[in-house]
Every structure is written in C-alpha cells, then in structure tokens.
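Residue numbers start from 1 in every chain, and the chains themselves are labelled A, B, ... in the order their sequence lines are given, proteins ahead of strands. The structure presented is a predicted model; accordingly, all values stated were derived computationally and were not measured.
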Amino acid sequence: MQPTQLIKVALPIPLKQTFDYQLSEKELEKATLGARVKVPFGNRQLIGLIVELSPRPSIDITRIKPIIELIDESPVMPEHLILLLRWASKYYQASLGEALFSALPPPFRHGKALKQEKYRKWQLNTPDVTAENLNVHLSQIRKNAEKQKELLTTLSQSSDGIYEQSLRSMGFKLQQLKTLKQKKLITDNNVIPEIEAYKRRDSDDSDQLLLNDEQKQAVQSAISGEHCFQAYLLKGITGSGKTEVYLEIIEHFLVQGYQALVLVPEINLTPQTLLRFQARLPDAKLVVHHSGMNNSERLEAWHFCQTHRASVLIGTRSAVFYPFKKLGCIIIDEEHDTSYKQQDGFRYHARDIAVKRAKEHNCPVILGSATPSLESYINAREKKYKLLTLNERPGSIQLPQVELIDIQTRPLQAGLARPTIKSIESHLKNGHQVLVFLNRRGFAPTLTCTECGWIAKCNHCDARLTYHNKGHVLRCHHCNYQTSAPNHCQDCHQSTLKLLGQGTQQTEAFLEQTYPDTPLFRIDRDSVSGKHQMETLYHQILAEDAALLVGTQMLAKGHHFPKVTLVVVVAADDGLFSADFRAEEKFSQLLIQVSGRAGRAQQPGQVIIQTRHSHHAILQAISRLDYDHIATTLAHERELMTLPPFSAITNIRGEGKNESDTFTLLQNIAEKITTGLDTKQQRLVGGGSISGPLPSLLPRKADRYRFYLTLKTPTKPQMQKWLSSIQTILADFTPNPQIRISLDIDPVEIG
DNA sequence: TCATGTTAGGCG
DNA sequence: GCCTAACATGAC
Ligand SMILES: [Zn+2]
Ligand SMILES: [Zn+2]
C-alpha cells in the first residue's frame, strides 16, 4: 500500500485528534484538502473533512480503513480557513472537527452534495448547431413544441450561453432543456461566473469631501499599510461618522479587486445598516450572514464569498469563519460587544479571531467603538494597535447634554423624578420623541407575597419566575419550566400576591395617562418578537412626531431613532455592582451608548440618568461622556489586581446534578493541577495561580449545579502552555460522566 | 446461571 | 460522543 493514498480526516466529535483513512487510486486523483468524505467510524458512518493529504500514518497501516465515499471534488473549505480553525481549536481547547463543522453551513454537515445546478450554463451544441443554421434545426422540432423553439432561439442570441437559473426565470422548464439536450441541439456545463470588476462611483470626489479631516486622516492611515497586517482601533463617539470611515476603507479595497469582511453585533444588523452599505457601495455585491437565515441562504452566502461573487460580507460572530478568495480588510463594529464571544461549545472570540485572521491574510483590521473594550484600549496604549480617533461630530452636531438626577432622596412619581417629568413634557411639546429606558426587571415582573415575602421561584434553577400576561403564566427563562400563575401564596396561602418590578409597569401606565394624546410604543421582547415586527414598529415610529418609546436598554442598541431628542434612563444602577469584574466596564459602555441615541439630527440631545449614586466616579464620568477617564481608571484597577487585560484567565466549569459531587470533582481537579505545578512548571507559566471552586452566577440551572475554577497567568502564551500541559489531567478526569467539564478561555462572562 | 447494571477505553 | 467488552452485582 502506498503511503500517498492516506488522508487525515477531522470528524464532528468532541475529540481533538484526527483519524487516518485510505483512498482508492481513483479517489486519490480527485481528493483535495477541505473536501468532505464519508467514513466508517466504529460501527457508524460519519461525514468528515480532509485536513491533510498523504500524511505519515499515525497508527499501524494495516488498521487504517478505506473511506466509504469522497463527497466533494472541490473543497468546501479553503486551506487557509482550515489552518485558522486548527489554530482556533487549539487555542480554545476545542475539537478540530467540531470547530470546522460549526463554521460550515449546516447542509454541509450532513453530507449534502454541492449544488452545481446554480452554475449550469446552457448553449447551442456548436459547431453542429449555430445561429446561422438555426432554421434547419428549428424545423426538426415538433410543430406544437413552441417553447422548445423559443428556447433554442433565445440561446442562439447569446454568444456564451445562459445560466439555467436565468432560463428558468424566463419561464423555461427543465424538461424542455433535457429534451433539446437529448436531440443533441444544446449542451450544458458548469461555469462559475467571473467576478465583475468593481467600479468606483463617479461621485467619488464628493464623498471624500463629505468626510471631515479626522475621518480622512483615519481612512488614510488605515489604507496606508495596504497589504500588510495592522490592527487599528477606531475610537469615535456616537455620530462621529465611524461608518463613513469603514465604507471609505472598504471601497478602497473593492476598487483593487479585494473583498471585505464586516462584523456587527446581531442587534445592529438591521435593514437600515444594509441599506446604508448598499447605498454607499451600489456596485458591490453585498451578502449577509446572521442567525435567522435558513440553510439555503447560508449555503448561498458561503458560496458567494468563496467564489468572490460577493465582495462584501456583513455578518455576526460566525461570519468571521467565512471563506474568501481575496480578503482585503476586516472591520469589527462595536468591537467591545460581548456577543462576539461564543458562549457554548466552541467558545471563540470573533474579535480575537478576526485579528488573527488579518495577520494571516496580511491585511488591516479595524476595530471600531465609541467605548472600546479595555483589551483593545490597552492594546492601543501599548501601540500594538494604531489608534485612530474621531472627536468631532460632523456637521457641527452637538454632543448630548447629560444630567444625573439622584433619586436616593427625591420624591418619585411612578419611578420618575419631578425634573425628569418636566423635561419629558417639554420635549414632547416641541414635537420631539422621548426614549424611556427601564431596566430588564421591569419587563420581567416576578410574583411575590406581600404578607410573608414569598417569591415565585423556578423549581429547577436558582432564579425567579417571570410573569407573562399572555396565558397568565409564570415562566423561567433559564430552562423551559412553565406553570400557571397561582392565586394564593404557596407559603402562607393568603391571596396577597403582587407583581414585583411593577414600578416600571407603573411608569408606563403613568406616561400613558399623563400624555393620552401622545402615541406610546413599547419595545420589548414580549411585544416585539421577530425581526419583522421590529421593522414595522420602527417605520411606524419614524412616521410619528411627538412620541414616547419605552423599552429596555438592550433593545435600543440596534436602531437609531432620528426624532428622539431626550433619553431617560429610569434606574441606571442595575449592573453597576456585581461579582463580575467587567461589570463597571459594561455598565459604562451601555450608558454611553444609550446616551448617543439622543439628538443625532439637527436638535441637540438631552440625556437624563436617574441614579442612587450620582456621586459615584463612574457616573460622574458618564455624565461628561468621558469614556477615556473611565477606561484609564478601570485599567489602573485591573492592573493593580492583575486582572485581564493585565493577565490571562481561563475558567474551568463543572456542572452536574449532584451539588457536592460537582464541587468535589472541581476541587480534585484543582488539587491535581496544583500538584502538577512543580517549580519547573511554575517558571514556565510565570507563576500561574488557581482559585475556586466558586458557585457560578446562576448556581443551579435546569437542575444542574454549576461551579468554576479560575486559572490565571501573566500572559496568554503562558496560559496556552499551562493548558496544554494540564489537558491530560483533564482528559483523565471523567470519573463521573454525570458531571460535565468545560473550558472557557478568555471568558467575558462568569457562570 | 442468567440477566442486568456500571465503567474504562477505543474509535483510524 | 457513542459503542462495547469486561467486569460487578444480584436475584433465583
Ligand atoms: Zn428554570
Ligand atoms: Zn405569603
């Protein structure tokens, strides 16, 4: 047996290793890296991906089985992506196969063949059939087969054939094509379309003029290093025109025949965003990737990028693993957004992957935010990233004026202070819109007993049940537990039940009552579920003048409402104090972002933040919209406590049905890791430390108890060394299959 | 003795 | 992850 007939295959199972298989002579000719194979594995059959050709066998050659089938003759994933995912799976301690298959569009996981019909082109069977002798052949067709004649005539008018898709959209049927093929009048073949060269718009000069000096400078800087790697942090307050900078940079690369990858948080991927991109780049083929897409849409988007039929991809987290033929630049909008970190399975951080990817492609990567993550902030400070700053708001638009209103002592009416109400009133009177943010709890009221203090809790989680008007039910949003709401207290059996968190309900009712003629829109997940509903609502709001918009802070992130001049944050303090060391950073980012919603148009905006801690340094800085101060202060604190980005951490999570078993298992793991940390290793990992086990933020979820250990090293490379040395310890540690152990490298959330 | 439950190891 | 061989337990 020739060693050249072997391949290494990655399989979609949680094992880090790859497996060897052999190919037949015939398969060997067609096999390529990144093609799928169906293989025998134990007593089942799996779809795998070829990740190495003619490798050195890693087991005795006689034990290597032949594959069952070679599915693809051309790769479904290019080599550079395989390499990127190989690196990522190693960094995040995940299985290569699982990482590869989670990046691929779902239909590829099931061995579905590549659909080539999309690119099937039909033409006259030249030289036998030509436009000149067409009449001879037409007369051979049955008299009543008008469609066939029409089809033949249509094809004769095209010099290089017509795609089957176009023919079908003209009303021709597959059967007609087949009949003509049988008569040897026409032929078909697969032709991947040529890329159409991108044409710069005629008005390109005027676009440059529309940019202010800062923007021009940012663009210039980002494209100066053209085809070498450089990360840029584009720091610009809301409304400073980051998007224009992105678009200008993208166009620069499109003109040169390159593709661009744009990552956005799910919530920001709205039709308005897409329209804006398409309007600025009218000749560019733009494709989208998000979680709401179906299989065929995903497949098509993947294909378009892989074949360079699309030049711009705008997508959420997983778009970072799309294939590109000629990637010119990567943009990450709202780079601080924690939704870039995958929270289960293959726990990668799309922002970090994007930077790595840019390095591999020798291209620039632009991280944009009004409120950068401390990680990127420090990278810029240490000159690892180039800092590009936008301070001005173009068109002399003023910054919103932010006011803190202390509600610790002030009398409140339905949660609103007097001055707040006055402001709302005056903005409405001027025909402007007011955005009122309530905290999450207000939209998830809990049932409680006023007599004994009993609170309706989930039987399966350490969480309160939330009341839903629809169906009069209590629901847990950590598991799928649901029960009809009781009329009596489960503890003292009195009928003294009340909905807590109703303060916000009161706020809404109060606003409705006080301004009966002003339309009030409620924007929350209960009343606005699908993306489509949100769009309808958005356009309704655009059509109104004075209006009240009531919603959670999160939901306001995506859309920009141009008529809003006042933003009210009813109870800001939620999330300021938490066990999570990133709480303050996230809190500031959210509030500053939310403040940016006020008055982007002609009107200067006003922001009112109601708080019980108006003297807190962070809130003071927020009121000055001084994120630099916050970032500097927080960075200093993190440095003192050697927390990221001044160290690297990894969480080892454990979850199991038995509380003490789960705890003990983690304790044993910690012990074993500590014993393994001899002096030699200590030096290797720069004095790594381990702490815990601690209960997770949600200690019990769906009847499983959750704890975590935290590993800490001074740097990420040291963490990588440590992790690879303890992975054997971890692998051996499965004395209890009821307890699941998982690793979270560079976590952004605890629990 | 059979029948069922539990666990470590291999899968190429 | 899942399958199975090997071993353990237990009822008759
Ligand atoms: Zn629950
Ligand atoms: Zn009670």
Side-chain angles (χ1 to χ4, degrees), chain A residues 1-28 30-72 77 82 85-86 88-90 92-104 106 108-111 342-348 652-658 660-662 664-666 668-669 672 702 704 726-744:
Chain A
M1 193 185 303
Q2 299 290 313
T4 50
Q5 281 175 255
L6 295 180
I7 48 170
K8 279 201 192 297
V9 175
L11 296 167
I13 47 174
L15 292 172
K16 283 167 193 168
Q17 63 208 290
T18 56
F19 294 86
D20 296 354
Y21 288 91
Q22 45 166 309
L23 299 174
S24 69
E25 288 283 332
K26 223 170 133 196
E27 287 160 344
L28 181 66
K30 294 175 177 174
T32 59
L33 215 64
R36 290 168 301 161
V37 284
K38 190 192 255 183
V39 294
F41 190 72
N43 59 357
R44 30 190 197 144
Q45 298 184 352
L46 295 174
I47 307 295
L49 203 75
I50 304 178
V51 293
E52 212 180 315
L53 292 168
S54 0
R56 206 182 263 279
S58 45
I59 54 162
D60 190 292
I61 210 155
T62 54
R63 283 171 58 211
I64 299 176
K65 292 184 189 171
I67 67 164
I68 295 165
E69 185 194 354
L70 177 67
I71 298 171
D72 309 300
M77 188 182 273
I82 296 176
L85 280 150
R86 196 189 272 276
S89 67
K90 214 176 151 201
Y92 293 104
Q93 300 283 315
S95 116
L96 174 60
E98 284 191 318
L100 290 169
F101 280 90
S102 73
L104 284 171
F108 283 155
R109 295 171 210 175
H110 308 125
Q342 174 115 48
Q343 290 295 8
D344 57 349
F346 176 29
R347 295 170 170 264
Y348 64 93
I652 302 176
R653 294 165 210 276
E655 58 170 81
K657 295 214 168 190
N658 186 302
S660 64
D661 284 359
T662 309
T664 321
L665 182 72
L666 279 177
N668 290 341
I669 291 176
K672 201 119 191 198
R704 302 183 77 91
I726 65 171
Q727 75 179 354
T728 45
I729 298 178
L730 249 32
D732 291 348
F733 247 108
T734 35
N736 194 340
Q738 308 271 59
I739 301 170
R740 277 211 297 269
I741 300 291
S742 63
L743 288 183
D744 192 350

Check your understanding: What closest approach, in Å, do A:R36 and A:F108 show between heavy atoms, and which atom pair accounts for it?
Key -> NH1-O, 2.9 Å
Check your understanding: A:L46 CG to C:dG1 C1': how many Å, rounded?
Key -> 9 Å
Review point. Which part of the nucleic acid, if any, lies within contact of A:F41, taking any heavy atom under 4.0 Å across all strands shown: a base, the sugar-phosphate backbone alone, or nothing?
Key: base
Would you be so kind as to tabulate the donor-acceptor pairs closer than 3.5 Å made by side chains of residues 94-102 of chain A, with sequence neighbours excluded?
residue : atom : partner : partner atom : Å
A:S95   : OG   : A:I13   : O            : 2.8
A:S95   : OG   : A:G97   : N            : 3.4
A:S95   : OG   : A:E98   : N            : 2.9
A:S102  : OG   : A:E98   : O            : 3.3
A:S102  : OG   : A:A99   : O            : 3.0

Practice item. Would you give the length of the straight line joining atom NZ of A:K38 to atom CD1 of A:I67, rounded to the nearest 0.5 angstrom? Key: 11.0 Å
**Study point:** Separation of atom CG in A:L23 from atom P in B:dG12, rounded to whole Å
**Key:** 16 Å
**Study point:** Minimum heavy-atom distance between A:S24 and A:E27, given as atom pair plus value
**Key:** N-OE1, 2.8 Å
Exercise for review: Report the residues that fulfil salt bridge (Lys or Arg N to Asp or Glu O under 4.0 Å) with A:K90, sequence neighbours left out, ordered by chain and then residue number.
Suggested key: none
Review point. Looking at CG of A:L70 and CG of A:L23, how far apart are the two atoms once the value is rounded to the nearest 0.5 Å?
Key: 7.0 Å
Practice item. Would you indicate whether the side-chain heavy atoms of A:L666 and A:I741 approach each other to under 4.5 Å? Key: yes
Study note, to complete from the structure: Between CD1 of A:I741 and C1' of C:dG1 the distance, given in whole Å, is 16 Å
Review point. Roughly, in whole Å, what's the span from CD1 in A:I64 to P in B:dC11?
Key: 12 Å
**Study point:** Strand contacts (DNA chain B) in residues 8-18 of chain A, 4.0 angstrom heavy-atom criterion
**Key:** A:L15, A:T18
Point to revise | A:D20: salt bridge (Lys or Arg N to Asp or Glu O under 4.0 Å) partners, not counting sequence neighbours | key: A:K8
Contacts under 3.5 Å, N or O only, protein and nucleotides 4-8 of chain C:
residue : atom : partner : partner atom : Å
C:dT4   : OP1  : A:N43   : ND2          : 2.9

Check your understanding: Between atom CZ in A:R44 and atom C1' in B:dG10, what is the gap in whole Å?
Key -> 12 Å
Point to revise | Side-chain touch A:F41/A:L11, heavy atoms, less than 4.5 angstrom | key: yes
Exercise for review: Tell me, with the steps shown, if A:N658 and A:S660 meet side-chain hydrogen bond (donor to acceptor under 3.5 Å, both in side chains).
Suggested key: CA-CA 6 Å; A:N658 186 302; A:S660 64; 3.2 Å; yes
Exercise for review: Under 4.0 Å from any atom of DNA chain C, heavy atoms only: list the residues of residues 93-101 of chain A that qualify, in numerical order.
Suggested key: none
Exercise for review: Specify the closest pair of heavy atoms between A:Q22 and A:I64, including all atoms of both residues, with the distance to one decimal.
Suggested key: NE2-O, 2.9 Å
Exercise for review: Verify the contact: side-chain N or O of A:R63 to OP1 or OP2 of B:dC11, cut-off strictly under 4.0 Å; return yes or no.
Suggested key: yes
